[in-house]
Amino acid sequence: CTSIVAEDPSGNLYHARNLDFGLFIGWDIRNETWEITEALKPLIVNLNFQRSGQTVFKSVNYAGYVGILTAVKPKTFTLSMDERFNKDGGFIGIIEWLLGIRTGSWMGFLTRNVMENSTSYSDARDVLSNTEMLAPAYFILGGTKSGEGCVITRDREKTIDIWEMKSAGGWYILETNYDHWTKPLFLDDRRTPANNCMRNMTQTNVSVKGIFNVLSSKPVLNKLTTYTAVMEVSTGHLETYLANCTDPCFPW
Amino acid sequence: QVPPFKEECVKDAYPPPASLLVKEYIINLDLAPEERWAELVKEKAELIKNILAKFKEFVRDWGQEAAKLIELVDEKFGKFDDTLPEPFRGELLGIAKYSNLNLGEVVLYNIFYEIFTV
């Protein structure tokens, strides 16, 4: 996955992401695609969660999955989640849950609760930072005001780090699937290409179009990418496209 | 081509073809949890079944021990829903009902993330 929060010169905030899923789950030799990735694509839907006929938040989901991976609460905050791999991963959390140790929260349920109930960027940040979980994760959060963007690096029990947009370079913050203070695995470095494309774009060109172009640049876009979504918090706009990485395209 | 991959920063990908644009559905939070996902899952049930079948096939390829995991999911995970908080428990029950999927499979689908962080 690749998530970006970026600010245009007037302080308007955009939040975008590629969702990559399906590595090593069945390579289709004939079509040169990942089987699970392709099977997920027709399940992708935009959801408008409403109460009393009013939008509470909008999200991008795989139909039948009730948790939240990408969402915007209009005029309030935006959220995306990137997978964080760890040997103390979700499997241990599931076993603990089965054994009756149920102090942690399922990732998707936590993000859904945040989208439904949190009323501000800082409130969402507090809940995502301070709730015990069953699996590690990266939460990428965008606000409404200039400089409001951060990446929360989570272990199951606690927050390891909160990385602010200000210290990430000022006008954008970008997360893939590695702790920002370590180098990504050289076999799977989408961070350097994405950063290069963001710098090429420059802050002047931050817009739905500009960020979509960055996320469409290979290998940021690759054969594991199921969708690209772009959100604008000030308007609550959410635009999602199925990924289409034409050959030659990197497998991940 | 071998990693590390060199980027190609594109400038003309937007807008992509309209055929790639994702459709929007409304989830009415005023409805009972069991009813919220009815319309959507009725439409997508076969696709959800397809992905779960592919996932099971993949797990079975790991061998007999892994196949036991699938049996566990099918036979026991249905009871797992009792441990889930509301409104999610109710929503999963509704999804199983309207998609004609085994409840254990619906639970599995909804904890994919925790499984894949290994």
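Every heavy atom of this structure was used, including side-chain atoms; hydrogens, water molecules and symmetry mates were not. Numbered from 1 within each chain, the chains take letters A, B, ... in sequence-line order.
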Trainee: Are there residues of residues 28-38 of chain A that reach to under 4.5 Å of chain B by heavy atoms, and which ones?
Mentor: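 Interface residues of residues 28-38 of chain A: A/E35, A/I36.
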Trainee: Does any backbone or side-chain atom of B/N110 lie under 4.5 Å from a heavy atom of chain A? Answer side chain, backbone, both or neither.
Mentor: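 Both backbone and side chain.
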Trainee: Measure B/I26 against the heavy atoms of chain A and call it side chain, backbone, both or neither at under 4.5 Å.
Mentor: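 Both parts, heavy atoms under 4.5 Å.
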Trainee: Using non-hydrogen atoms only, which part of A/T55 is less than 4.5 Å away from chain B: side chain, backbone, both, or neither?
Mentor: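 Neither part, no heavy atoms under 4.5 Å.
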Trainee: Heavy-atom distances under 4.5 Å only: say whether B/L92 touches chain A with side chain, backbone, both or neither.
Mentor: side chain
Trainee: Under a 4.5 Å heavy-atom cutoff, which of B/F88, B/W37, B/Y109 has the most pairs with chain A?
Mentor: B/F88
Trainee: Using heavy-atom distances under 4.5 Å, tell me whether A/I44 contacts chain B through its side chain, its backbone, both, or neither.
Mentor: both
Trainee: Would you mind checking which part of A/R190 comes under 4.5 Å of any heavy atom in chain B, side chain (CB onward), backbone (N, CA, C, O), both or neither?
Mentor: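 Contact with chain B is absent: no heavy atom of A/R190 under 4.5 Å.
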Trainee: With a 4.5 angstrom heavy-atom cut-off, is it the side chain or the backbone of A/I92 that approaches chain B, or both, or neither?
Mentor: neither
Trainee: Over 60° means perpendicular and under 30° means parallel, so tell me whether B/F58 and B/F55 are parallel, tilted or perpendicular.
Mentor: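 Judged by the thresholds at 30° and 60°, the geometry between B/F58 and B/F55 is tilted.
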Trainee: If you count heavy-atom pairs under 4.5 Å with chain A, which of B/K11, B/E24, B/K23 comes out on top?
Mentor: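 Heavy-atom pair counts peak at B/E24.
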Trainee: For each of B/I27, B/L84, B/V106, tally heavy-atom pairs with chain A at distances under 4.5 Å, and name the one with the top tally.
Mentor: B/I27
Trainee: I'd like to verify something: which residue of B/V41, B/N28, B/L40 has the highest number of heavy-atom pairs under 4.5 Å with chain A?
Mentor: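 Result: the option with the highest number of such pairs is B/L40.
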